[in-house]
Asker: 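Quick one: structure below, then a few questions.
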Amino acid sequence: MSAPNDDKRIVMPAAEPPSAADFKPQLVQLQRRLLLRSSLSLGALSMLAGCTMQDGDAVDKVLWSMSRWNDRVQAWLFNRNRLATTYARSQVTQPFPFNAFYPEYDVPEVDGAGYRLEVSGRVADKRAWSLAQLRALPQAGQITRHICIEGWSAIGEWRGVALRTFLERIGADTTARYIGFKCADRYYSSLDMETALHPQTMLALDFGSEPLPARYGYPLKLRVPTKLGFKNPKHIAALFVTNENPGGYWEDQGYNWFSGL
Ligand SMILES: Nc1nc2c(c(=O)[nH]1)N[C@H]1C(S)=C(S)[C@@H](COP(=O)(O)O)O[C@H]1N2
Ligand SMILES: [Mo]
């Protein structure tokens, strides 16, 4: 963030939205595209992109060719009250696809009885959580569309604890910037605090009416319908609150960190 001259103009104060005057001409162009995009839901966007979500088309470029500073612009455009589209149970995709950075036969087998969700970082209460304790918290459900950057989307039903509720229970510093997640398969990802507090962001325990099957992230996954699939870590083992961007498995390989609306 100590870049010289012109680049300083895109380092914006934390409390204020960016204005066009803050941008060099070519950046104004990009901002217009962001604003256009921000009026579309992820679902609408996938239709606009012909559901291909592949390299080369215009929507694709807007979504995927953003560098890290664009994450900040996107974070400002994120509307904490905008809800992802929800669907009827009859619209749930059958069978719901499996995806991971490895084939399905390598899905980690997590022992639910011995499971403890580890909590660390900027939180008052760092005690670990058993599944029974997580299930004793207020539960909420959602039927939403999961959109994978690799070119598919599917509607699923998840149930669990709103991440906001959980963060409140552990006394998280909600003025901190990020929530990081570490998974049983060495996958990792992170969210901006704004998205972590969004009403549809949840720690999911169930898929449909059953506990999450192994392939969909047993025993705990993050369900965040305002983000792309890769920002929905499965098999969560640990959660931490931090001011340092924790990055992620795909994020650190060049996928746009914000990746959502
Ligand atoms: N732990 C873990 N979580 C993960 C992944 C992974 O490889 N490991 N892949 C991500 C990607 S790219 C997608 S599209 C979704 C797939 O979730 P699903 O198997 O429930 O469809 O999980 C995301 N979360
Ligand atoms: Mo994905």
Side-chain angles (χ1 to χ4, degrees), residues 42-43 45-46 49 51-55 59-60 63-64 66 84 87 89 91-112 115-118 131 134 141-160 163 178-191 195-196 200-240 246-261:
L42 268 180
L45 195 65
S46 71
C51 287
T52 61
M53 292 280 178
Q54 281 161 4
D55 291 343
V59 172
D60 206 52
L63 258 183
W64 319 130
M66 308 264 176
Y87 298 86
R89 193 159 284 149
Q91 292 173 285
V92 169
T93 305
Q94 306 285 359
F96 191 85
F98 161 82
N99 196 32
F101 66 90
Y102 44 77
E104 194 168 335
Y105 54 74
D106 279 338
V107 163
E109 282 172 39
V110 179
D111 163 38
Y115 175 84
R116 297 290 181 274
L117 171 65
E118 286 171 29
L131 291 177
L134 289 169
Q142 65 174 261
I143 302 175
T144 50
R145 183 183 295 276
H146 170 114
I147 300 174
C148 174
I149 199 167
E150 290 176 67
W152 57 271
S153 79
I155 297 168
E157 178 175 6
W158 293 270
R159 210 176 155 71
L163 182 57
Y178 308 103
I179 314 291
F181 300 90
K182 293 180 192 165
C183 307
D185 56 4
R186 297 189 319 281
Y187 195 82
Y188 61 106
S189 189
S190 54
L191 284 183
T195 303
Q200 289 173 311
T201 300
M202 66 156 67
L203 291 171
L205 292 150
D206 294 330
F207 185 78
S209 52
E210 304 291 328
L212 284 167
R215 64 188 181 284
Y216 301 147
Y218 184 82
L220 188 70
K221 73 163 258 167
L222 182 73
R223 179 56 195 145
V224 41
T226 53
K227 293 288 185 194
L228 289 168
F230 73 86
K231 294 194 79 80
N232 288 240
K234 305 191 284 187
H235 317 288
I236 296 172
L239 171 164
F240 57 101
Y249 182 90
W250 291 113
E251 291 90 329
D252 293 350
Q253 296 178 56
Y255 283 4
N256 172 250
W257 180 79
F258 194 80
S259 280
L261 292 184

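Just so it is clear, the structure is predicted and the values come from calculations on it, not from any experiment. Both counts, for ligands and for their atoms, begin at 1 and track the order of listing. Just so you know, these numbers use all the heavy atoms, side chains as well, and skip hydrogens, waters and symmetry mates.
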Asker: Would you say the side chain of Leu205 lies within less than 4.5 Å of the side chain of Leu212, judging by non-hydrogen atoms?
Answerer: no
Asker: At what distance is the nearest protein heavy atom to atom 3 (N) of ligand 1, and which residue and atom is it?
Answerer: Lys234 N, 2.9 Å
Asker: Would you say Trp250 and Ile149 make side-chain contact, with heavy atoms under 4.5 Å?
Answerer: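 Not in contact.
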Asker: Can you name the atoms of ligand 1, numbered from 1 with element, that are less than 4.0 Å from a heavy atom of Arg215?
Answerer: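 Those atoms are 19 (O).
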Asker: Under a 4.0 angstrom heavy-atom cut-off, which atoms of ligand 1 come close to Trp152?
Answerer: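 Those atoms are 14 (S), 21 (O).
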Asker: For ligand 1, which atoms have a heavy atom of Pro233 less than 4.0 angstrom away?
Answerer: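 Those qualifying, in numeric order: 3 (N), 24 (N).
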Asker: Counting neighbours of CD on Glu118 that are heavy atoms of other residues, nucleotides or ligands and sit closer than 6.0 Å, is the number greater than 12?
Answerer: no
Asker: Report yes if Asp185 has an N/O atom closer than 3.5 Å to an N/O atom of ligand 1; otherwise report no.
Answerer: yes
Asker: Among all the protein's non-hydrogen atoms, which is closest to atom 16 (C) of ligand 1, and how far away is it?
Answerer: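 Result for atom 16 (C) of ligand 1: Asn99 O, 3.4 Å.
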Asker: Does the side chain of Phe230 come within less than 4.5 Å of Phe101's, by heavy atoms?
Answerer: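 Counting from C-beta outward, Phe101 and Phe230 never come under 4.5 Å.
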Asker: Considering only heavy atoms of Phe230, which atoms of ligand 1 have at least one such atom less than 4.0 Å away?
Answerer: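 Those qualifying, in numeric order: 10 (C), 11 (C), 12 (S).
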Asker: Please identify which atoms of ligand 1 are closer than 4.0 Å to at least one heavy atom of Phe101.
Answerer: 7 (O)
Asker: Between Phe207 and Tyr218, is there a side-chain heavy-atom distance shorter than 4.5 Å?
Answerer: no
Asker: Do Lys234 and Phe181 form a cation-pi contact, if we require the NZ or CZ to be under 6.0 Å from the six-membered ring centre and within 45 degrees of the ring's axis?
Answerer: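 Output no; distance or angle outside limits.
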Asker: Looking only at protein heavy atoms, which one is nearest to atom 6 (C) of ligand 1, and how far off is it?
Answerer: Tyr187 CD1, 3.3 Å
Asker: Return yes or no for this condition: an N or O of Cys183 is under 3.5 Å from an N or O of ligand 1.
Answerer: no
Asker: Strictly distance-based, threshold 3.5 Å: is any side-chain N or O of Thr201 a donor or acceptor partner for the main-chain N or O of Leu163?
Answerer: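 Looks like no, no N/O pair under 3.5 Å.
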Asker: Nearest protein heavy atom to atom 14 (S) of ligand 1, by residue and atom, and its distance?
Answerer: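 Heavy-atom neighbour on the protein nearest atom 14 (S) of ligand 1: His146 NE2, 3.1 Å.
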Asker: Enumerate the atoms of ligand 1 whose separation from the nearest heavy atom of Cys148 is less than 4.0 angstrom.
Answerer: 14 (S)
Asker: Within the 4.5 Å heavy-atom criterion, are Arg223 and His146 side-chain neighbours or not?
Answerer: yes
Asker: Provide, to 0.1 Å, the distance between atom 24 (N) of ligand 1 and the closest protein heavy atom, together with that atom's residue and name.
Answerer: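 Scanning the protein heavy atoms, the shortest distance from atom 24 (N) of ligand 1 goes to Asn232 O, 2.9 Å.
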Asker: If you compare all heavy atoms of Asn99 against all heavy atoms of Cys148, which two are closest, and at what distance to 0.1 Å?
Answerer: ND2-SG, 3.7 Å
Asker: State if Tyr249 counts as touching ligand 1 under the rule of any non-hydrogen atom under 4.0 Å.
Answerer: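 No, that is not the case, since the closest heavy atom of the residue is not under 4.0 Å from the ligand.
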Asker: Is there a side-chain hydrogen bond (donor to acceptor under 3.5 Å, both in side chains) between Trp257 and Ser190 once you walk through the steps?
Answerer: CA-CA 8 Å; Trp257 180 79; Ser190 54; 2.9 Å; yes
Asker: Where is the nearest protein heavy atom to atom 20 (O) of ligand 1: which residue, which atom, and how far?
Answerer: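 Looking only at protein heavy atoms, the one closest to atom 20 (O) of ligand 1 is Tyr216 CD2, 3.5 Å.
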Asker: Can you find an N or O of Pro97 that's nearer than 3.5 Å to an N or O of ligand 1?
Answerer: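 Yes, since at least one N or O of Pro97 sits under 3.5 Å from an N or O of ligand 1.
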Asker: Please identify which atoms of ligand 1 are closer than 4.0 Å to at least one heavy atom of Ala100.
Answerer: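 This gives 6 (C), 7 (O), 9 (N) as the contact atoms.
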Asker: Considering only heavy atoms of Phe98, which atoms of ligand 1 have at least one such atom less than 4.0 Å away?
Answerer: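 Selected atoms, number and element: 19 (O).
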Asker: Using distance alone, decide if ligand 1 has a nitrogen or oxygen within less than 3.5 Å of any nitrogen or oxygen in Glu150.
Answerer: no
Asker: Counting C-beta onward and ignoring hydrogens, is there a side-chain heavy-atom pair between Val107 and Phe98 closer than 4.5 Å?
Answerer: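 Val107 vs Phe98: side chains touch.
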Asker: Looking at Asp206 and Ser209, would you say the former's side chain and the latter's main chain have a donor-acceptor pair under 3.5 Å?
Answerer: no
